[in-house]
J.: 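Sharing a structure here in structure tokens format.
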Amino acid sequence: LGVAAADLPPSDPFARGCWLVRHDQADAAIPSFAEAEKTDPSGRPAEWLAYCHARTGNHQTAREAGDRAVDAGRHTA
């Protein structure tokens, strides 16, 4: 049996993190968003890191990531 491409996580770290969140795997998405944050200064990865950390109960780290997102101009974090 073959595996459809839609069933595989993307290789791009940000897209992979989003894929994992859509598949209810916020904890597994954290390393992907952390990797994406290293090269994406937009704050989007930090915004998603905040969400994932909050979902997994790590509220202090979620707040820190949210602060980084806001500092980068993401006013929705």
Side-chain angles (χ1 to χ4, degrees):
L1 294 175
V3 177
D7 293 334
L8 299 174
S11 59
D12 172 73
F14 185 81
R16 183 174 55 247
C18 292
W19 185 92
L20 289 163
V21 168
R22 281 193 308 276
H23 287 84
D24 199 27
Q25 297 180 45
D27 56 338
I30 290 170
S32 294
F33 288 128
E35 182 182 347
E37 188 178 25
K38 293 176 186 176
T39 59
D40 183 349
S42 73
R44 277 184 355 165
E47 188 174 33
W48 280 97
L49 273 170
Y51 170 80
C52 291
H53 282 298
R55 285 282 312 264
T56 59
N58 193 344
H59 299 290
Q60 179 61 38
T61 305
R63 182 181 175 96
E64 292 166 4
D67 288 346
R68 289 193 308 274
V70 169
D71 289 345
R74 301 296 290 189
H75 301 290
T76 60

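Quick caveat: nothing in here was measured; it's all calculated off a predicted structure.
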J.: Only counting residues at least two apart or in another chain, list the ones meeting side chain to side chain donor-acceptor pair (under 3.5 Å) with Arg16.
T.: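 Expected list: Ser32, Glu35.
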J.: List for me each residue that meets side chain to side chain donor-acceptor pair (under 3.5 Å) alongside Asp40, sequence neighbours excluded, and say none if there are none.
T.: Ser42
J.: Between Ala72 and Pro41, which heavy-atom pair has the shortest distance, and what is it?
T.: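 Looking at all heavy atoms of both residues, the closest pair is CB-O, 3.6 Å.
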J.: Identify the two heavy atoms, one from Ala29 and one from Val21, that lie closest to each other, and give their separation to 0.1 Å.
T.: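 Closest pair (atom of Ala29, atom of Val21, distance): CB-CG2, 3.9 Å.
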J.: Could you pull out all residues at least two apart from Arg63 that satisfy salt bridge (Lys or Arg N to Asp or Glu O under 4.0 Å)?
T.: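 So Arg63 forms no salt bridge (Lys or Arg N to Asp or Glu O under 4.0 Å) with any residue.
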J.: Return each pair, listed once, that meets salt bridge (charged side-chain N to carboxylate O under 4.0 Å, His left out) where at least one residue sits in residues 17-30; pairs must be two or more places apart or across chains.
T.: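 Every salt bridge (charged side-chain N to carboxylate O under 4.0 Å, His left out) pair that includes a residue of residues 17-30, provided the two are not neighbours, is Asp24-Arg55.
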J.: Tell me, please, which residues at least two apart from Ala36 pass side chain to side chain contact (heavy atoms under 4.5 Å, CB included).
T.: Pro13, Phe14, Pro45
J.: With sequence neighbours left out, what residues match Asn58 under side chain to side chain donor-acceptor pair (under 3.5 Å)?
T.: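 If we apply the side chain to side chain donor-acceptor pair (under 3.5 Å) test to Asn58, skipping adjacent residues, the hits are Thr61.
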J.: Taking all atoms of both residues into account, what is the closest heavy-atom pair of Ala50 and Ala65, and its distance?
T.: N-CB, 3.6 Å
J.: Would you kindly confirm whether Ile30 and Trp48 end up in one hydrophobic cluster when ILVMFWY residues are joined by side chain heavy atoms under 4.5 Å apart?
T.: yes
J.: Checking Ala46 now: which residues fulfil side chain to side chain contact (heavy atoms under 4.5 Å, CB included) with it, not counting sequence neighbours?
T.: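 Once residues adjacent in sequence are excluded, the partners of Ala46 under the side chain to side chain contact (heavy atoms under 4.5 Å, CB included) criterion are Glu37, Arg68, Ala69.
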J.: Closest heavy-atom contact between Phe33 and Gly17?
T.: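 Distance-wise, the nearest heavy atoms are CZ-C, 3.2 Å.
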